[in-house]
Each structure stands twice: as C-alpha cells, then as structure tokens.
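Below is one structure, written out as structure tokens; the observations come after it.
By convention in this document, chain letters (A, B, ...) are assigned in the order of the sequence lines, proteins followed by strands, and residues within each chain are numbered from 1.
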Protein chains: 2
Amino acid sequence: MEKSIHGRPYIETKKGPVLTPCAPNGVLARLGDKWTILVMSILALEPARALRFSEIRNGIPSISQRMLTLTLRNLERDGLVTRHYFAEVPPRVEYELTPMGRTMLPALEGFTGWIRDNWRAIEQSRQRFDAAGSDEI
Amino acid sequence: MEKSIHGRPYIETKKGPVLTPCAPNGVLARLGDKWTILVMSILALEPARALRFSEIRNGIPSISQRMLTLTLRNLERDGLVTRHYFAEVPPRVEYELTPMGRTMLPALEGFTGWIRDNWRAIEQSRQRFDAAGSDEI
DNA sequence: CTGCATCCATCCTGATACTG
DNA sequence: CAGTATCAGGATGGATGCAG
C-alpha cells in the first residue's frame with residue numbers, strides 16, 4: 001500500500017521517501033499560472049451566477065483578451081467552468097463555475113487566506129534576502 | 001472600506017467588482033511553479049527535521065540539480081525554508097521548514113487534497129474536451 | 001461582443017561542463 | 001557533495017489585426 005503526503009503518492013526507500021510522478025503535477029501547474037486563480041476568484045464572487053466575457057475582463061483590468069480567452073478555455077477543458085454561447089448579434093458568451101469548480105472554492109480560500117496572512121512577511125523576507133546578497137560583491 | 005475575496009482586495013463599481021492588483025499574485029505564481037510544491041511536500045514529510053540537498057533530490061527523481069538549487073534558493077528567499085551550510089569536506093547542506101513554512105502546510109494540504117479527490121475527473125474532462133474538438137475539423 | 005491567428009520578446013527549464 | 005555558468009529549446013504572454 002502506497003503512502004501519500006499532500007495528495008501525492010510516495011514510496012519509502014532505504015534512502016528515504018521518494019515521490020512518485022502523477023497527474024496532480026499538471027493540475028497544480030495550471031492553477032498556478034498567471035491568470036487562472038484570478039479568473040476563479042472573479043467567478044467565485046457570485047458562484048451561482050454566470051458572468052459575461054466582458055464582465056470578467058472588467059474585473060481583471062490588466063488581463064489581455066487573448067489571455068482571458070485562453071484561461072477560460074483551459075478552465076472549460078478541465079471541467080471547472082461552463083461556457084454558454086448565445087448566437088445573438090452582437091454575440092454574448094457567459095461563463096459559470098461547474099459543480100466541481102465550486103467544490104474547489106474552500107480549498108482555494110484556505111490557500112489564499114494563508115497568503116493574505118503571510119504575504120507581507122514574505123515580501124519582507126525577500127527584501128532582507130536581497131539586501132544581504134548585495135553586500136557580498 | 002475595501003472588500004476582499006479569497007484574500008484579494010477588490011472594489012465594487014457600476015460595472016461589477018474589479019480586482020485590485022496586489023502582491024499575492026506573485027506568491028501564488030511562485031508556489032505554482034514546476035517544483036516548489038513538490039519540494040515543500042518532501043520537507044513536510046518530516047517537518048521537524050532538516051534534510052540534506054541530496055535527500056531532497058532523491059525524493060524527486062526527475063528534478064535537475066539546477067532546478068532544485070533554484071527552487072530552494074527561492075524558498076529561502078521567501079522565508080519558508082532555512083539553509084544550513086556545514087563547511088566540511090565534502091560539504092553538507094541541510095534544509096528545513098521555517099515556522100512560517102510550517103504554517104503553510106494545512107493550507108497546502110487542503111489544496112492538494114482537493115486535487116487528489118478531483119484530478120481524475122479533470123483528466124477525464126480534458127479527454128472529453130479534446131475528443132469533441134477533434135470532430136469539428 | 002467575442003474569439004482566433006500571427007508575430008515577437010521574454011522567461012523558464014534542462015543539459016552540460018566546471019569549481020570549491 | 002553542493003553549487004555555479006553557459007547555452008539552446010520550448011513555453012508563455014502581450015500586441016495587433018481580422019472575422020463571425
């Protein structure tokens with residue numbers, strides 16, 4: 001029977017635990033990209049309501065149209081977001097969280113909550129680290 | 001007074017909520033990179049004990065020496081990991097979680113736990129999505 | 001309004017070789 | 001053993017123009 005830590009299977013060896021490769025890698029990489037968490041946060045504001053493309057875009061002023069499209073497409077592909085296309089003129093497209101997408105929100109909240117509590121300390125640590133490094137020239 | 005969702009400040013406007021840029025972006029990006037979570041997971045296996053560079057490397061067979069060094073250096077810079085250098089021959093270097101690093105573990109566990117429960121569904125969703133797309137040629 | 005295609009600059013990563 | 005330097009490839013992201 002495999003053990004697991006943080007959802008990741010590993011095996012015990014003479015030299016210590018060895019993580020075995022598995023898919024969660026890829027999931028984490030996707031969620032950690034530049035925009036995914038931001039888009040999920042916007043959709044989480046009103047988990048029950050669908051948002052238009054332009055509403056999401058307005059919520060994240062710095063995102064480009066291209067990147068919002070790509071991010072939403074990936075979320076749709078992962079089954080976290082549903083896309084509703086209305087063939088009107090002009091076209092209207094709405095996005096909303098799927099049930100699975102909504103189950104992610106508590107975990108996301110836990111993680112971003114930790115960041116909210118600690119990012120100032122992290123910033124300070126970075127400044128101290130960088131300052132210490134610049135002495136050693 | 002600013003509101004916040006998932007640790008991220010935002011303001012209400014006539015057109016809806018708008019996320020305001022802030023530092024947590026960068027923290028998430030760091031944690032979401034290719035190796036950071038894996039390294040944290042290894043260190044989390046024995047949160048009270050320091051691990052040698054080579055022990056960590058053995059725990060993540062696919063990581064290159066270069067990327068492990070870079071990842072550990074970034075974690076040290078962020079104040080999540082402490083580096084202990086022993087000027088022996090051959091040199092020995094050990095790493096361990098800082099108190100702040102340990103406070104991150106529950107949040108990490110929540111997130112990776114969700115992934116453990118859902119990554120199969122995500123994989124399936126991706127396959128369905130890709131299969132549907134290839135019909136439309 | 002929404003989305004795709006293209007081009008291009010940048011960053012990230014891995015491979016390799018070398019040092020204390 | 002641990003770390004650094006260098007280089008090349010691919011991945012990522014932004015700007016722009018065009019289309020349904």
Side-chain angles (χ1 to χ4, degrees), chain A residues 15-16 21 25-39 42-43 50-77 81-96 129 132-134 136-137, chain B residues 15-16 21 25-26 28-39 42-43 50-77 81-96 129-130 132-134 136-137:
Chain A
K15 295 185 176 181
N25 276 348
V27 177
L28 259 173
R30 152 113 21 260
L31 296 174
D33 75 4
K34 194 169 178 182
W35 302 109
T36 298
I37 298 297
L38 280 168
V39 172
I42 287 282
L43 291 170
L51 293 178
R52 295 192 58 158
F53 183 89
S54 47
E55 287 181 295
I56 301 172
R57 190 170 182 191
N58 287 331
I60 312 173
S62 53
I63 198 172
S64 66
Q65 185 188 55
R66 168 188 157 82
M67 290 317 298
L68 180 53
T69 299
L70 288 177
T71 303
L72 287 168
R73 205 62 82 249
N74 278 323
L75 286 171
E76 187 192 2
R77 179 170 179 260
V81 160
T82 312
R83 179 175 186 269
H84 304 283
Y85 178 79
F86 301 90
E88 308 169 353
V89 180
R92 178 165 55 103
V93 183
E94 295 183 347
Y95 297 88
E96 66 178 330
F129 186 90
S134 58
E136 299 167 6
I137 298 177
Chain B
K15 295 184 176 180
N25 275 349
L28 260 172
R30 159 66 26 76
L31 296 174
D33 75 6
K34 194 170 178 181
W35 302 110
T36 298
I37 299 297
L38 280 168
V39 172
I42 286 282
L43 291 170
L51 292 178
R52 296 193 58 160
F53 183 89
S54 48
E55 287 181 295
I56 301 171
R57 190 171 183 188
N58 287 332
I60 311 173
S62 53
I63 197 172
S64 66
Q65 186 186 52
R66 168 188 158 82
M67 290 316 296
L68 180 53
T69 299
L70 288 177
T71 302
L72 287 168
R73 206 62 83 247
N74 278 323
L75 285 172
E76 187 193 1
R77 178 169 179 263
V81 160
T82 311
R83 180 176 184 269
H84 303 283
Y85 177 79
F86 300 90
E88 306 169 353
V89 180
R92 178 165 55 102
V93 184
E94 294 184 348
Y95 297 87
E96 65 178 330
F129 187 90
D130 295 344
S134 58
E136 298 168 7
I137 299 177

Exercise for the section: Quickly work out the A/Glu76 CD to C/dG3 C1' distance and round it to whole Å. Expected result: 13 Å
Fill in the blank from the handout: Between CG of B/Leu38 and C1' of C/dT13 the distance, given in whole Å, is 15 Å
Practice task
Using the side chain to side chain contact (heavy atoms under 4.5 Å, CB included) rule, take B/Asn74 and B/Thr36 through it: C-alpha gap first, then chi angles, then the decisive distance, then the call.
Solution key: CA-CA 9 Å; B/Asn74 278 323; B/Thr36 298; 5.9 Å; no
Handout entry: B/Leu75/B/Val39 under side chain to side chain contact (heavy atoms under 4.5 Å, CB included): CA gap, chis, key distance, verdict
Key = CA-CA 9 Å; B/Leu75 285 172; B/Val39 172; 3.8 Å; yes
Exercise for the section: Calculate, to the nearest 0.5 Å, the distance between atoms CD1 and CH2 belonging to B/Ile63 and B/Trp35 respectively. Expected result: 5.0 Å
Exercise for the section: Please round to the nearest 0.5 Å and tell me the distance separating atom OG1 of B/Thr82 and atom CG of B/Leu72. Expected result: 11.5 Å
Practice task
Indicate the atoms forming the closest heavy-atom contact of A/Glu94 with A/Ala50, along with that distance.
Solution key: OE1-CB, 3.5 Å
Exercise for the section: Just compare C/dC1, D/dA2, D/dG14 and give me whichever is closest to any side-chain atom of A/Ser54. Expected result: C/dC1
Exercise for the section: Rounded to the nearest 0.5 Å, what's the gap from OG1 on B/Thr71 to CZ on B/Arg66? Could you check? Expected result: 10.0 Å
Exercise for the section: Let me know the distance between CG of A/Asn58 and C1' of C/dT2, rounded to the nearest Å. Expected result: 13 Å
Exercise for the section: For A/Asp33 and D/dA11, give me the distance from atom CG to atom C1', rounded to whole Å. Expected result: 12 Å
Practice task
May I ask you to list the residues of residues 65-72 of chain B, by number, that have any heavy atom positioned under 4.0 Å from an atom of DNA chain D?
Solution key: B/Gln65, B/Arg66, B/Thr69
Practice task
Considering just the side-chain nitrogens and oxygens of A/Tyr95, establish if one lies under 4.0 Å of OP1 or OP2 belonging to C/dT2.
Solution key: no
Problem - B/Arg73 CZ - D/dG3 C1' separation (whole Å) - result: 7 Å
Fill in the blank from the handout: Minimal heavy-atom distance between B/Leu43 and B/Tyr95, with the atoms involved, is CD2-O, 3.7 Å
Practice task
Let me know the distance between CD1 of A/Ile63 and C1' of D/dA15, rounded to the nearest Å.
Solution key: 15 Å
Practice task
Check whether any side-chain nitrogen or oxygen of A/Lys34 sits under 4.0 Å from OP1 or OP2 of D/dG14, and answer yes or no.
Solution key: yes
Completion exercise
Within residues 81-90 of chain B, those residues having any heavy atom closer than 4.0 Å to DNA chain D are B/Arg83, B/Pro90
Handout entry: Separation of atom CD1 in A/Ile56 from atom P in C/dC1, rounded to whole Å
Key = 15 Å
Practice task
Could you check how far CG of B/Asn74 sits from P of C/dC11, rounded to whole Å?
Solution key: 15 Å
Practice task
Find the bend of the helix from C/dC1-D/dG20 to C/dG20-D/dC1 as the angle between its two terminal axes (five pairs each), to the nearest 10°.
Solution key: 40°
Exercise for the section: Could you tell me the separation between the CD1 atom of A/Ile60 and the CD1 atom of A/Ile42, rounded to the nearest 0.5 Å? Expected result: 5.0 Å
Handout entry: Worked verdict on B/Arg83 versus B/Arg73 for side chain to side chain contact (heavy atoms under 4.5 Å, CB included)
Key = CA-CA 9 Å; B/Arg83 180 176 184 269; B/Arg73 206 62 83 247; 3.6 Å; yes
Fill in the blank from the handout: Interatomic distance, CG@B/Leu70 vs CG@B/Asp33, rounded to 0.5 Å, equals 10.0 Å
Handout entry: Distance, nearest 0.5 Å, that separates CZ of A/Arg52 from CZ of A/Arg57
Key = 13.5 Å
Completion exercise
Which of D/dG14, D/dC1, C/dT2 is nearest the side chain of A/Trp35? It is D/dG14
